[in-house]
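Below, chain A is the first sequence line, B the second, and so on; all start at residue 1.
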Amino acid sequence: MPSERELFDQRLSKRAQLLESSDPYPARVERTHTAAEAVQAFLDAGEVDEQVAVTVVGRVTAQRVMGKAAFLDLRDQSGRIQLHFRRDRLEDFDRIDLVDLGDFLEVSGTLFRTRTGEVTVAVAKWRIVTKALRPLPDKFHGLTDTEARYRQRYLDLIANERSREVAFTRSRVVSAIRRFFLDRGFLEVETPVLQDNAGGAAARPFLTHHNALDRDLAMRISLELHLKRLLVGGFEKVFEIGRVFRNEGISYRHNPEFTLLESYEAYADYEDVARMVEDLLGAVALEVLGGTDLTHGEHTVSLQAPFARTTYHRALLDHTGIDFYQYRSVDALSEVARERGVRTEAGASWGTVLDALMSEFVEPKLIQPTFIFDYPTEISPLAKRKVDDPSVVERFELFALGYEIANAYSELNDPVDQRDRMMEQASKKAEGDEEAEIADEDFLVAIEHGMPPAGGLGIGVDRVVQLMTGEHSLREVILFPTMRERQAERHELSDEDDGAS
RNA sequence: GGGCCCGUAGCUCAGCGGUUAGAGCAGCGGACUUUUAAUCCGUCGGUCCAGGGUUCGAAUCCCUGCGGGCCUACCA
């Protein structure tokens with residue numbers, strides 16, 4: 001019955017038939033072994049047929065029915081195990097007609113090895129524990145339609161081993177990061193997602209509204225300003241792994257919500273943080289991959305410390321021949337940028353033009369992990385100035401495979417300088433720069449009470465997962481990436497009568 | 001945002017101006033008690049993304065829209 005409607009109705013009617021004698025959705029199921037454990041138990045018991053009894057549960061992924069016998073494949077999270085049903089052993093053998101691919105079964109029996117060598121459950125007792133109403137993707141070709149893979153990730157996870165692997169790797173990356181910080185004595189905290197003002201990064205926020213308070217709120221774009229308040233409060237090492245939201249374009253490198261790690265350590269500076277980042281990435285790679293080398297297409301990247309280091313000024317000079325100290329005005333700088341084919345927008349600031357040059361000529365070349373130190377003050381309003389050159393700050397970014405992995409500074413804790421720089425950002429914002437930093441008065445008041453010298457760090461966790469998995473698109477490492485709204489869903493089949501047909 | 005490509009059965013795909021749009025898998029009926037992409041016979045199944053246009057004739061060509069992918073630009 002090929003139309004979606006017919007397939008659905010057919011399964012509904014099987015469900016109704018099951019209901020006559022049993023519950024196709026029981027709350028309680030038995031399980032003595034996972035699929036993998038069952039096979040192992042058979043091996044451990046000396047591979048004697050029909051000796052080891054197991055009860056396994058899982059989803060039916062293949063059926064090979066032969067009149068008086070049937071083989072079904074049952075899959076659980078641990079793997080797959082084959083089931084053998086025989087008419088001469090089962091009074092309810094014919095009920096396998098009510099089983100469809102995708103149903104969940106609870107099966108008890110003993111283990112044996114088939115003629116072709118596969119460890120198999122000789123089924124003595126079985127029942128359907130979840131009746132599925134919609135068909136699964138093609139058992140052989142799987143699900144390849146990228147849109148369907150993202151919109152219906154559960155189908156992707158059923159059909160594609162790789163998608164499961166990436167999800168597992170992501171989980172391991174996050175727990176490795178968390179363990180790294182906890183082991184170093186950092187306190188894990190959670191700070192507000194809903195805020196008066198979204199600050200701490202150059203990005204546009206999502207805006208929302210609290211009805212009871214009749215108050216507009218913004219969703220956070222970074223974790224920074226609240227974590228620093230905790231430094232004021234006396235915590236010396238804090239970190240947060242949390243979702244942030246940026247109201248910007250969507251691409252294979254950008255999702256409107258992504259996971260950011262930020263850490264702050266009192267009495268450390270950015271040099272200390274750089275060493276910590278080397279340790280962190282090495283530790284994560286070791287735990288997730290078992291080594292510090294990883295291959296990405298034609299590139300082999302080594303996360304073995306120490307990473308290459310250069311400065312913003314040096315890197316730009318090396319890759320473009322531009323010595324930005326020679327071009328102190330926006331106009332002069334824009335002119336050389338234009339000569340090199342970098343178009344700059346009308347209201348672009350000096351720092352923005354520099355950043356455009358870096359993005360164009362330097363960052364794509366940074367395949368091996370490379371620290372870029374000492375950023376222009378103008379594009380780093382929350383970082384502490386270098387003592388010997390106030391036009392640059394103690395800030396580094398770490399690049400690998402051509403994209404930014406980490407961003408860190410010696411945190412600006414002079415409240416007067418901070419206020420001045422926030423006001424400068426605020427006036428840019430007033431002039432129409434939507435990504436300029438806001439002046440957060442509450443934050444300024446906080447640091448006016450004294451924030452200890454500290455090294456801060458931000459890492460895009462999704463990017464680290466990309467690095468570790470070798471996935472090209474961010475959407476492959478985010479289980480449910482943001483998608484455009486889909487109109488005219490044609491999936492609403494269930495509001496017909498649910499028994500009959 | 002710009003450029004290129006894609007959208008046909010539940011899934012994977014063919015058909016690219018000419019009868020009534022096809023195949024494999026899945027489904028349904030039948031045969032088959034150790035199969036594993038089971039096999040064999042039969043069979044059901046389509047808003048060819050949507051709307052408009054060109055044409056004697058459109059899944060096929062053109063336009064618009066919707067959705068997606070890749071590349072590119074900003075951010076992490």
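- Considering only the side chain of A:Asp138, B:C11 comes nearest among B:C75, B:C28, B:C11.
- The side chain of A:Arg64 sits closest to B:A38 out of B:A38, B:G68, B:C11.
- What separates CZ of A:Phe140 from P of B:U39 is a distance of 11 Å, to the nearest Å.
- Taking only side-chain nitrogens and oxygens, A:Arg151 comes nearer than 4.0 Å to OP1 or OP2 of B:G68.
- Partners of A:Arg395 according to the salt bridge (charged side-chain N to carboxylate O under 4.0 Å, His left out) rule, which considers only residues two or more places apart in sequence or in another chain, are A:Glu397.
- B:G17 and B:A59 have their P atoms separated by 13 Å, with the value rounded to a whole Å.
- Residue A:Gly67 is in base contact, counting any heavy-atom pair closer than 4.0 Å across all strands shown.
- Taking only distance into account, the side chain of A:Thr144 never meets the base of B:U12 through a donor-acceptor pair shorter than 3.5 Å.
- Checking the phosphate oxygens (OP1, OP2) of B:A37, no side-chain nitrogen or oxygen of A:Lys139 falls inside 4.0 Å.
- A side chain to side chain donor-acceptor pair (under 3.5 Å) check over residues 461-470 of chain A, counting only residues at least two apart or in different chains, returns the pairs A:Arg170-A:Asp462.
- Judged by distance alone, the side chains of A:Asp145 and A:Tyr150 never bring a donor and an acceptor atom under 3.5 Å apart.
- In this structure, A:Arg11 reaches neither bases nor backbone, as no heavy-atom distance under 4.0 Å exists between it and the strands shown.
- Atom P of nucleotide B:U34 and atom CD of A:Glu50 are separated by 14 Å, given to the nearest angstrom.
- Across all strands, A:Glu404 comes closer than 4.0 Å only to sugar-phosphate atoms, never to a base (heavy-atom distances).
- Scanning atom types as modelled, no donor and acceptor separated by under 3.5 angstrom connect the side chain of A:Asp145 and the base of B:G7.
- Atom-to-atom, CD of A:Glu4 to P of B:C25 comes out at 21 Å; the value is rounded to the nearest Å.
- For B:G67, neither phosphate oxygen OP1 nor OP2 lies less than 4.0 angstrom from any side-chain nitrogen or oxygen of A:Tyr150.
- Among the heavy atoms of the strands, none lies under 4.0 Å from A:Val244.
- Using modelled atom types, one finds a donor on one side chain and an acceptor on the other under 3.5 Å when comparing A:Arg220 with A:Thr191.
- No side-chain donor-acceptor contact under 3.5 Å links A:Tyr375 and A:Asp355.
- Pairing for B:U55 is absent, judged as Watson-Crick or G-U wobble with the two contacts each under 3.5 Å.
- Note on A:Lys14: a side-chain N or O is less than 4.0 Å away from OP1 or OP2 of B:C28.
- Nearest-nucleotide mapping onto RNA chain B: of A:Ser473 and A:Leu260, the residue sitting toward the 5' end is A:Ser473.
- Contact annotation: A:Arg5 side-chain N/O to B:G45 OP1/OP2 distance is not under 4.0 Å.
- The side chain of A:His254 sits closest to B:C75 out of B:C75, B:G27, B:U72.
- Rounded to a whole Å, the CG atom of A:Leu136 is 18 Å from the P atom of B:A37.
- Side-chain N/O atoms of A:Arg115 and base N/O atoms of B:U34 include no donor-acceptor pair closer than 3.5 Å.
- For the pair A:Leu143 CG and B:G68 C1', the interatomic distance rounds to 13 Å; values are reported in whole Å.
- Checked against B:U35, B:C71, B:A38, the side chain of A:Thr120 finds its nearest nucleotide in B:U35.
- With B:G45, B:C32, B:A76 as the choices, the nucleotide that has an atom nearest any side-chain atom of A:Arg246 turns out to be B:A76.
- Considering only side-chain N and O atoms, A:His84 lies nowhere under 4.0 angstrom from the phosphate OP1 or OP2 of B:A38.
- A:Gln10 has no side-chain polar atom (N or O) that falls below the 4.0 Å cut-off from OP1 or OP2 of B:A26.
- Pair assignment for B:G1: B:U72, on the basis of Watson-Crick or G-U wobble contacts that are both within less than 3.5 Å.
- At a cut-off of 3.5 angstrom, the base of B:U33 holds at least one donor-acceptor pair with the side chain of A:Arg86.
- Looking at heavy-atom distances under 4.0 Å, A:Gly458 makes no contact with the nucleic acid at all.
- Judged by distance alone with a 3.5 Å cut-off, a donor-acceptor contact links the side chain of A:Gln82 to the base of B:U35.
- Here the side chain of A:Met66 is nearest to one of B:A38, B:G45, B:C75, namely B:A38.
- Under 3.5 Å, the side chain of A:His141 and the base of B:C13 form no donor-acceptor pair of N or O atoms.
- Using atom P as the reference point in both B:C66 and B:C74, the two lie 26 Å apart (nearest Å).
- Looking at heavy-atom distances under 4.0 Å, A:Arg463 makes contact with a base.
- Across all strands, A:Glu360 comes closer than 4.0 Å only to sugar-phosphate atoms, never to a base (heavy-atom distances).
- Of all heavy-atom pairs spanning A:Met358 and A:Leu316, the tightest one is SD-CD1, 3.7 Å.
- Taking only side-chain atoms of A:Asp100, from C-beta outward, the nucleotide of B:A76, B:G68, B:G27 with the closest atom is B:G27.
- At the heavy-atom level, A:Asp355 lies under 4.0 Å from the strands shown only through sugar-phosphate atoms.
- Using the Watson-Crick or G-U wobble rule with both distances under 3.5 Å, B:G27 pairs with B:U43.
- Across all strands shown, A:Gln466 has no heavy atoms under 4.0 Å from either base or sugar-phosphate atoms.
- For the pair A:Leu7 CG and B:G46 P, the computed distance is 11 Å after rounding to whole Å.
- Base pairing analysis places B:U19 opposite nothing; no Watson-Crick or G-U wobble pair with both distances below 3.5 Å involves it.
- Under the 4.0 Å criterion applied to side-chain N and carboxylate O atoms, A:Glu411 and A:Lys228 are assigned as salt-bridge partners.
- Nearest nucleotide to the side chain of A:Phe258, out of B:U12, B:A76, B:U33: B:A76.
- One atom, CG of A:Asp73, and another, P of B:U34, lie 16 Å apart when rounded to the nearest Å.
- Distance A:Phe71 CZ to B:A37 P: 13 Å, rounded to the nearest Å.
- If you look at A:Tyr409 and A:Tyr270, their ring centroids are not closer than 6.0 Å.
- Proximity note for A:Arg484 (side chain, C-beta onward) versus B:C28, B:C75, B:G68: the nearest is B:G68.
- A:Asp73 and A:Arg64 are joined by a salt bridge, as a carboxylate oxygen and a charged side-chain nitrogen come within less than 4.0 angstrom of each other.
- Between A:Ser359 and the phosphate of B:C75, there is a side-chain N or O to OP1/OP2 separation shorter than 4.0 Å.
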